[in-house]
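Worksheet: one structure, shown below.
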Amino acid sequence: MTTQTPQKSPLDYFPTEDEYQRLLDKRTRRGTAVRITFLLMLAVAVVGLGILLYTIIDDSFGIVAVVNENEPEDILAAYGYDPTVTVLSDLNKEQLVEVLAGSISSGVGRRLEREQRFFADRLVFESQAKWDEVCASDEPPSGCGGGVRSKADVVALVEERVIAPDIIDASRLTASIFNPQRFKDKVEADFLTNPDRYEDYTFDQVRFQWRAWFSWKFITSPASDKPEIAGVRTAVLGSIWLVAITVLFAVPVGVGAAIYLEEFAKPTRINDFIQTNINNLAGVPSIIYGMLGLAVLVRVLEPITSGSLFGDGAPNGRTILSAGLTLGLLTLPVVIISSQEAIRAVPNSLRQAGMGLGATKWQTVRSQVLPVAIPGILTGTILAVARAIGETAPLILVGAAGFITVSPSGPFSQFTALPIQIFQWTSLPQEEWRHLAAAASLVLLVLLLSLNAVAVLLRNRYSRRLT
Amino acid sequence: MTDTPDATVVTPPTTVPNPGSGAAESGTSSAQGTGVIETENMDVFYGDFKAVADVTMKFAFNEISALIGPSGCGKSTVLRALNRMNDLIPSARVDGEVRYHGANIYDPSVDPVEIRRRIGMVFQKPNPFPKSIYDNIAWGAKINGFKGSKSDMRDLVQGALEQAALWDEVKDKLTESGLSLSGGQQQRLCIARAIATQPDVILMDEPCSALDPIATLRIEELMLELKENYSIIIVTHNMQQAARVSGKTAFFNVELDTTGQRTGYLVEFSPTDELFTSPRMKATEDYITGRFG
Ligand SMILES: Nc1ncnc2c1ncn2[C@@H]1O[C@H](COP(=O)(O)OP(=O)(O)OP(=O)(O)O)[C@@H](O)[C@H]1O
Ligand SMILES: [Mg+2]
């Protein structure tokens, strides 16, 4: 210090006024450049998401080329209606049932009637004696329980069974809006160049009409091998069951483990080891979890996961329960880690305040720490569960059925799930399935968004209570 | 939860002894008569680091005792050792004895939860719960097994807020969040919260350090009022405050030991007027006259 020359003051080490102005300009410019770069990155992300959404929606609606087995106009004309001003649903129920009865075999008719009666006061396909006998049996069909098919239901049956549309080609939304003629020309050209493909039809029979692949009917119809009537009900219900089991398993277990690790565990070697492993597990590919699920849940724990131990169902471990628990295990590390983060973010002063009043550790955690941590816990859980909904690989391993029309009825049911259904449909060659896959993706997105909305609402309710 | 076997002699006295009776003048002698809290050869460590060494002192009943000393000398550390709040710091360890009503609170048979319920604490930084003002106070009573009815609870909350001189300011907004109050109000809320569980001793760690002079005065008045029913131990950097409110003052200092660690120790613990007018130790005199360090 004594060697310092007296003229040198700390100020001399700082830039002069001019230098400072130039430096400031440079710093401002650099800040602006960084800001613009980040904005561009955001734009890339938004565009990417936009394109994704666009492709899905583009495939979910559009003009289709249909050949009907029976034209609705002919049906209407047969009943003396003017086909240009009336539609099928203008017929009354009696007429519609008559149309149906005239077209389908009596075997199919009886099956439909046993599912649900057409009229309360009379039977159409079945004799009264036979009906009474069937209903008196040990397992009476659902039609015996009363209830009558609505007119809308009968209209749908007529459309499906009598008109029996066969979609031979489909076009996309934007193409259908801006250039519908091109699609028609293409179909016509197909008929000329490749007549074998449509051997039963002529181009004159082809009708072009709008179709929403994504519709309420699509969501509520069971799977089918006919794209015209195939729906995703089975898959949607399967996915909902899976999410429920995943959440019921992963959230309590994950949050509990996180509370233990953050609040109660002493920093021993074993606990450090456990922590490290949880962190690593979060990065394990989902297919590995599928293998684990197959080996342990489906095979070893079969009596439990198939429900046969509880006298419920055949000894087959490929059930919703196995798949849900597999997804739960997959989700668990992420739930634990994000819950830990949320709990760690709660200021220590709250713990001190609680303990300082003579509360036990658990009372403090329960009443002071958790309420503050819950919004954060929910955020992490939402992300983890959202990931689980979209998982396909582990489900394939634990035996999701590719084609199944029976809605799952409980945790021991066979099942399929939306991503499986989408995967299935995209692997089929015909154009129509691709549109169905897109519509199913849209359903998956909607399901995801509604689950997220519920979680966000929950989270906001908690956050509001805190401030 | 709060019931522990009778082996732990930490029940508060039914008759509070006369504050004047614990008249141990010297901080180091173990004269006759017990204080509400006594420490004997207490060392506090953080891991291997000895933060304070060999503290022996006796806090009298119904008296305000002040702890003063330079920053980092271990005042907060000592304070936290008195109600086992140090247990919350994983690396902290206490050697020696701390006796509360004659029983060592570091005895393995003692449940720290009960100690903290008897020896309440107000922290340096106001830390109300992110709950309503009412719940801030009611919670402590609830978790400690409050048996009264709803209206009894309301009386308890009101009483605590009145004692903490906060009632008039918050009586119309008891359902609002405790965080919506100003810093000074929050600190008084924390004091009300500490009183509401009916402790025997209240420890305060620089309770006024974030407050303006008016709020500080109100809290000092409050402490003087509370002294009638409670024993209070307060850490403060404000020597005027120590002089205004406390009956006895302990001066802590910090010293480099042979291994280069900065270890705090008790210099002297005397009646406040003596300590400020005729300190027995040179270090104390330097500190209070501002000639320190
Ligand atoms: N949680 C902790 N872990 C490790 N060391 C600690 C911890 N808390 C305090 N110390 C150390 O113990 C010593 C005493 O700290 P303490 O907080 O008791 O000082 P203080 O007298 O209260 O100071 P101040 O007046 O600034 O609040 C300091 O050297 C500090 O670094
Ligand atoms: Mg301190």
Side-chain angles (χ1 to χ4, degrees), chain A residues 258-276 339-379 458-467, chain B residues 1-2 10 76 79-80 83-91 111-132 135-145 175-180 186 189-190 192-200 202-205:
Chain A
I259 292 175
Y260 181 80
L261 284 171
E262 278 306 307
E263 298 288 346
F264 295 99
K266 304 248 158 36
T268 58
R269 281 250 196 83
I270 297 178
N271 287 328
D272 284 354
F273 178 74
I274 292 174
Q275 180 73 62
T276 315
S339 304
Q340 276 186 289
E341 299 282 346
I343 292 170
R344 211 174 300 146
V346 176
N348 245 331
S349 64
L350 282 186
R351 295 184 183 87
Q352 288 170 352
M355 306 283 287
L357 287 173
T360 60
K361 186 90 199 196
W362 169 237
Q363 284 175 320
T364 308
V365 171
R366 167 69 253 281
S367 308
Q368 308 303 345
V369 178
L370 280 188
V372 180
I374 274 180
I377 292 178
L378 279 176
T379 308
L458 267 177
R459 187 178 64 193
N460 288 351
R461 244 190 54 198
Y462 260 98
S463 311
R464 226 190 354 263
R465 209 183 296 165
L466 295 178
T467 47
Chain B
M1 252 161 272
T2 48
V10 285
S76 301
L79 200 69
R80 284 197 300 263
N83 72 341
R84 294 196 61 171
M85 282 304 282
N86 274 339
D87 290 15
L88 298 192
I89 302 167
S91 66
D111 187 344
V113 168
E114 185 180 0
I115 295 299
R116 294 186 204 117
R117 181 243 178 291
R118 307 270 181 228
I119 308 176
M121 187 148 197
V122 176
F123 299 84
Q124 179 168 355
K125 229 178 107 211
N127 55 354
F129 300 125
K131 292 180 183 306
S132 72
D135 286 339
N136 255 283
I137 294 170
W139 188 75
K142 246 180 253 160
I143 49 129
N144 280 304
T175 54
E176 275 175 38
S177 169
L179 294 173
S180 68
Q186 288 186 9
L189 179 65
C190 292
R193 179 176 72 184
I195 317 172
T197 57
Q198 310 300 313
D200 183 30
I202 303 178
L203 310 178
M204 297 185 175
D205 194 347

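So that the names make sense, note that chain A is the first sequence line, chain B the second, and so on, each numbered from 1. From a predicted model like this one, the values you see are computed outputs, not experimental measurements.
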Residue pair Ala353(A) / Arg193(B): nearest heavy atoms and the distance that separates them:
CB-NH2, 3.5 Å

Which pair of heavy atoms, one from Trp139(B) and one from Ala359(A), lies closest together, and at what distance?
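Looking at all heavy atoms of both residues, the shortest contact is CH2-CB, 3.6 Å.
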
Quick one: does Met121(B)'s side chain get under 4.5 Å of Gln352(A)'s, heavy atoms only?
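No, their side chains stay 4.5 Å or more apart.
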
Residue [X] versus chain A: region with a heavy atom under 4.5 Å:
X: Phe123(B); value: side chain
X: Arg84(B); value: neither
X: Pro128(B); value: backbone

Residue among Asn83(B), Leu88(B), Asp87(B) satisfying side chain to side chain contact (heavy atoms under 4.5 Å, CB included) with Met355(A):
Leu88(B)

Any donor-acceptor pair under 3.5 Å linking the side chain of [X] with the backbone of [Y]?
X: Asn127(B); Y: Leu350(A); answer: no
X: Asn144(B); Y: Leu357(A); answer: yes
X: Lys125(B); Y: Ser349(A); answer: no

Say you draw a straight line from OG1 of Thr360(A) to CD of Glu114(B); how long is it, rounded to the nearest 0.5 Å?
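One gets 13.5 Å once the value is rounded to the nearest 0.5 Å.
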
I'd like to know whether NZ of Lys142(B) has more than 12 heavy-atom contacts from other residues, nucleotides or ligands below 6.0 angstrom.
yes

